[in-house]
Amino acid sequence: MPSTDPARAATLSDVAQRAGVSIATASKALNGRGDVAAGTRRRVMAAAEELTFTPNAMARGLLAGRTGTVGLLTSDLEGRFVLPILMGAEDAFGAGQVNVFLCDARGDAIREQHHLRALLSRRVDGIIVVGRQTDPRPSLGQELPVPVVYAYSPSDDPRDMSLTPDNHAGGRLAIEHLLSCGRTRIAHISGDPTYAAAQDRLAGARAALADAGLQFVGEPLFAAWTEHWGRDAAAMLLERHPDIDAIFCGSDQIARGVLDTARDFGRDVPGDLAVIGYDNWEIVAANARPPLTSVDANLQQLGRQAAQRLFEAIDGVAAEPGTRQLPVRLVIRGSTIAHR
């Protein structure tokens, strides 16, 4: 329950808990942000009134003795996975509410340590570390003076708080969709086999097939996350196993290459061959011929969740350590179900 100690001023965390919302949502409601439902805003305002808490008190309670800044430390600003995570995080921070220092380490450990020292010298209140793949990454350590949340790439230290997409569930989701479309002779083409994402998606897919009493047609094929590899691998599969009726691809780029080869082989998609991708990279999936069904990792939501966890930690709410895998979703397009 929120504190009723008269000697302690109510904090934003108290208001959020009383209203049953996240700290980020409470902040938005109290500051008049338009992306909060009217009922939620009324509930937050009522909780603030009950606790004699005002938006000005938020500035004192949330940021008292703090700088009102956070660091976003990434390893790959050019990456299409990193950018939506950062967009989601900045959305949760709220325009003008928290200043964000963005640092790109470019995958270099020495550069990362330089940026970390710079952020700490600026007395940021917390740091979000955003990786470029879902393989565990080295922890920044337990001796930092501010809370840290790891997003996409989980920390290798179970004492840290990490958020990453559930790739195992994503692989299962893809296969369950293909099975629901009546497909039973399913093959798999993926990218670099050293990536945790590739292995997790494969494991989830195999589990779904096993539940249905099936297995992949042929051995899953691994090489690169490219359209070129998708074209070559699809040609190999269709020559060896012409009765394949579906291909689950480890990325949308691979799936685009598969679609090209399917046309070359005279295979109708989705009539006699269904194709499903992964990542829901809009510019690739929506513009494919036909548009590509794909598993979406909900990266903006992941970024928002990371920011909310950091808000809570800054406000003194202890976060559960360990890696939390966030839900993914399926976006259905014409490569698995024909448009009428």
Side-chain angles (χ1 to χ4, degrees), residues 80-81 132-135 165-179 181-281 284-285 288-297 328 330-331 333 335-336:
R80 57 189 172 84
F81 303 115
R132 56 182 174 182
Q133 59 197 64
T134 58
D135 299 73
D166 192 341
N167 280 305
H168 188 281
R172 174 178 283 278
L173 192 62
I175 296 301
E176 288 175 346
H177 173 64
L178 293 174
L179 294 173
C181 294
R183 313 295 173 152
T184 58
R185 295 191 54 78
I186 303 171
H188 184 47
I189 303 172
S190 196
D192 188 334
T194 66
Y195 276 51
Q199 296 301 326
D200 291 343
R201 292 165 191 174
L202 172 62
R206 276 186 162 146
L209 284 171
D211 288 347
L214 299 170
Q215 58 185 0
F216 281 122
V217 175
E219 283 298 310
L221 301 176
F222 293 90
W225 305 101
T226 64
E227 290 188 34
H228 189 97
W229 164 240
R231 288 193 292 270
D232 292 347
M236 189 186 313
L237 276 173
L238 293 173
E239 287 170 353
R240 293 179 180 176
H241 308 283
D243 56 344
I244 286 173
D245 62 13
I247 299 178
F248 167 39
C249 302
S251 77
D252 292 337
Q253 289 168 289
I254 292 172
R256 278 280 292 262
V258 169
L259 291 177
D260 289 344
T261 294
R263 280 194 298 273
D264 293 343
F265 275 64
R267 301 293 294 268
D268 177 61
V269 178
D272 63 358
L273 180 69
V275 178
I276 186 169
Y278 208 105
D279 298 327
N280 193 35
W281 190 12
V284 172
R289 299 172 48 206
L292 185 63
T293 294
S294 185
V295 178
D296 190 320
V328 299
L330 184 69
V331 178
R333 299 189 180 94
S335 68
T336 57

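Remember, predicted model here, so these are calculated numbers, not experimental data.
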Evaluate the side chain to side chain contact (heavy atoms under 4.5 Å, CB included) criterion for residues Asp279 and Asp296: first the C-alpha distance (whole Å), next the side-chain angles of each, then the deciding distance (0.1 Å), finally the verdict. CA-CA 5 Å; Asp279 298 327; Asp296 190 320; over 6 Å; no
Would Asp272 and Arg183 count as a salt bridge (Lys or Arg N to Asp or Glu O under 4.0 Å) here? Give the steps. CA-CA 9 Å; Asp272 63 358; Arg183 313 295 173 152; over 6 Å; no
Trace of the side chain to side chain contact (heavy atoms under 4.5 Å, CB included) decision for Ile189 with Val258: CA-CA 9 Å; Ile189 303 172; Val258 169; 3.8 Å; yes
Before giving the answer on side chain to side chain contact (heavy atoms under 4.5 Å, CB included), spell out for Leu237 and Leu221 the whole-Å C-alpha distance, their side-chain angles and the decisive distance to 0.1 Å. CA-CA 9 Å; Leu237 276 173; Leu221 301 176; 3.7 Å; yes
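The shortest side-chain heavy-atom distance between Val217 and Ile186 does not fall under the 4.5 Å cut-off. Within the 4.5 Å cutoff, side-chain heavy atoms of Pro165 are placed close to those of Thr134.
Annotation for Gly170 and Val328: closest pair CA-CG2, 3.6 Å, computed over non-hydrogen atoms. Nearest heavy-atom pair across Val269 and Pro290 is O-CG, 3.7 Å. Taking each heavy atom of Gly277 and Ala255 in turn, the nearest pair found is CA-CB, 3.9 Å. Minimum heavy-atom separation, Ile244 to Ala187: CD1-CB, 3.7 Å. In plain terms, the two heavy atoms of Val295 and Ala174 that are nearest each other are CG2-CB, 4.1 Å. Here the shortest heavy-atom pairing between Gln253 and Val284 reads N-CG1, 4.4 Å.
The side-chain tip of Arg201 points at the ring of Tyr278 from less than 6.0 angstrom away and within 45° of straight on.
When atom types are taken as modelled, the side chain of Asp200 and the backbone of Asn167 share no donor-acceptor pair closer than 3.5 angstrom. Of the possible polar contacts, one joining the Asp192 side chain to the Thr194 backbone as a donor-acceptor pair under 3.5 Å is found. The main-chain N or O of Trp225 is never found under 3.5 Å from a side-chain atom of Ser251 such that the two would form a donor-acceptor pair. Listed for the Gln199 side chain is a donor-acceptor partner under 3.5 Å among the backbone atoms of Pro193. Without hydrogens or angle criteria, Asp245 side chain to Thr184 main chain gives a donor-acceptor distance under 3.5 Å. In this structure, the side chain of Arg333 engages the main chain of Leu292 through a donor-acceptor pair within 3.5 Å.
Under 4.0 Å is where a charged nitrogen must lie from a carboxylate oxygen, and between Asp211 and Arg206 no such pair does. In summary, Arg231 and Asp260 engage in a salt bridge, as defined by a charged side-chain N under 4.0 Å from a carboxylate O. Using a 4.0 Å cut-off between charged side-chain N and carboxylate O, Asp243 and Arg185 make a salt bridge.
Taking CD1 of Ile254 as the reference point, atom CZ of Phe248 lies at 10.0 Å (rounded to 0.5 Å). Rounding to the nearest 0.5 Å gives a distance of 6.5 Å between CG of Leu214 and CG of Leu179. Between Leu238 atom CG and Arg267 atom CZ the span is 5.5 Å, to the nearest 0.5 Å. Going from atom OG of Ser335 over to atom CG of Leu273 covers 9.5 Å, rounded to the nearest 0.5 Å. Put simply, CD on Glu227 and CG on Asp252 are 10.0 Å apart, with the number rounded to the nearest 0.5 Å. Put simply, CZ on Arg256 and NE2 on His228 are 15.5 Å apart, with the number rounded to the nearest 0.5 Å.
With a 6.0 Å radius and a threshold of 12 heavy atoms from other residues, nucleotides or ligands, Arg240 has its CZ atom at or below the threshold.
Between Phe222 and His188, the ring-plane angle classifies as perpendicular under the 30° and 60° cut-offs.
In this structure, a donor-acceptor pair under 3.5 Å is present between the side chains of His177 and Thr336.
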